[in-house]
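Keep in mind it's a predicted model, so treat the numbers as computed, not measured. Quick note on labels: first sequence line is chain A, next is B, and so on, each numbered from 1.
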Amino acid sequence: GNSVTQMEGPVTLSEEAFLTINCTYTATGYPSLFWYVQYPGEGLQLLLKATKADDKGSNKGFEATYRKETTSFHLEKGSVQVSDSAVYFCALSVSGNQFYFGTGTSLTVIP
Amino acid sequence: GAVVSQHPSRVICKSGTSVKIECRSLDFQATTMFWYRQFPKQSLMLMATSNEGSKATYEQGVEKDKFLINHASLTLSTLTVTSAHPEDSSFYICSASRSPVLNTEAFFGQGTRLTVV
């Protein structure tokens, strides 16, 4: 079946620290992979995506590389800011635009 | 870019009443929309797939008679929580994608925080 396993939080970092949030997946077929971000009180926003193996998605300083050999799509950022505090969801989609989400990782960045 | 609008963003209702949540795709047609439910500190769980002009497809364990879905047009899907109870209190969120492209970005509504008292 299709599923996403995501690093549990919460994660607390100091400003300018390096961020890694691990995400692995299982999927039937050839999935596209996504990271969504949810700021407090808001809906989900697409952060980045990758549609095939070895693709790298990037946005706002965040990056994630689609690794088929390790079935992973880890999210990284070299220097986090207070404004990055949010919940991050790893997700995959195989067909029909149905998404499978990880449990979410709450990130708090302190000044 | 594509925008999905969900309304209302917050609603408080009395136990036993019904609540309707709307999900609109503002600048594209969506033959399929999805309804998710998010419990505190948990991920989004797919409730049902809303298909324009036909019956919705519900995930296992979701009561179709309690969560009524109507997808009457290519830009509007509604979720009605009937005879709401406190355990229905949750964050409900819809999504839609441009059709017929597969594996494309899903656009999410802002979500609806339902509190049943």
Side-chain angles (χ1 to χ4, degrees), chain A residues 1-11 21 23 25 27-53 55 57 59 64 66 73 86-108, chain B residues 1-10 21 23-26 28-52 56-60 77 91-113 115:
Chain A
N2 301 308
S3 67
V4 175
T5 301
Q6 189 175 339
M7 184 176 92
E8 290 190 18
V11 175
I21 301 178
C23 172
Y25 68 90
T28 56
Y30 302 93
S32 292
L33 302 175
F34 305 81
W35 277 100
Y36 280 86
V37 58
Q38 185 179 32
Y39 297 102
E42 299 184 15
L44 272 70
Q45 301 174 27
L46 177 67
L47 180 61
L48 54 84
K49 67 178 180 180
T51 58
K52 61 182 187 297
D55 271 2
N59 185 27
Y66 189 141
F73 193 55
V87 180
Y88 293 82
F89 290 93
C90 185
L92 71 83
S93 177
V94 177
S95 64
N97 302 312
Q98 180 178 335
F99 280 68
Y100 299 85
F101 289 88
T103 52
T105 301
S106 175
L107 170 67
T108 300
Chain B
V3 176
V4 172
S5 177
Q6 191 172 337
H7 177 80
S9 59
R10 292 180 181 273
I21 303 170
C23 180
R24 294 180 184 274
S25 56
L26 298 184
F28 67 100
Q29 294 181 333
T31 57
T32 303
M33 292 185 177
F34 299 89
W35 287 96
Y36 295 84
R37 181 174 180 178
Q38 184 182 26
F39 291 100
K41 301 187 185 300
Q42 296 187 27
S43 187
L44 287 78
M45 299 300 295
L46 180 67
M47 297 175 64
T49 303
S50 174
N51 304 299
E52 188 269 335
T57 304
Y58 290 82
E59 295 299 300
Q60 190 173 6
S77 175
F91 188 71
Y92 294 86
I93 193 165
C94 68
S95 75
S97 300
R98 296 182 187 276
S99 61
V101 180
L102 298 179
N103 291 353
T104 187
E105 174 186 353
F107 298 95
F108 286 83
Q110 303 93 321
T112 299
R113 175 75 59 191
T115 303

- prompt: Between the main-chain N or O of P8(B) and the side-chain N or O of T112(B), is there a donor-acceptor pair closer than 3.5 Å?
  reply: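 Pair found, side chain donor or acceptor close to backbone of P8(B).
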Note to self: Determine whether a donor-acceptor pair (N or O, by modelled atom type, separation under 3.5 Å) exists between the side chain of S106(A) and the backbone of G9(A).
What the structure shows: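 Answer holds: no.
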**OP:** Answer with side chain, backbone, both or neither: which region of L44(B) has an atom nearer than 4.5 Å to a non-hydrogen atom of chain A?
**Re:**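 Its backbone and side chain both get close to chain A.
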Legend entry - Residue part contacting chain A, namely of Q38(B), when any heavy atom lies under 4.5 Å: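 Just its side chain gets close to chain A.
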In terms of heavy-atom proximity below 4.5 Å to chain B, should F89(A) be classed as side chain, backbone, both, or neither?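 For F89(A), the contact with chain B is made by the side chain alone.
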Segment of Q38(A) engaging chain B (4.5 angstrom heavy-atom cut-off) |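 Side chain only.
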Exercise. Quick check, are the ring centers of F99(A) and F34(A) under 6.0 angstrom apart?
Worked result: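 Yes, the ring of F99(A) comes within the 6.0 Å limit of the ring of F34(A), centre to centre.
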Enter the distance from S3(A):OG to F101(A):CZ here, rounded to the nearest 0.5 Å.
->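 The distance works out to 14.0 Å.
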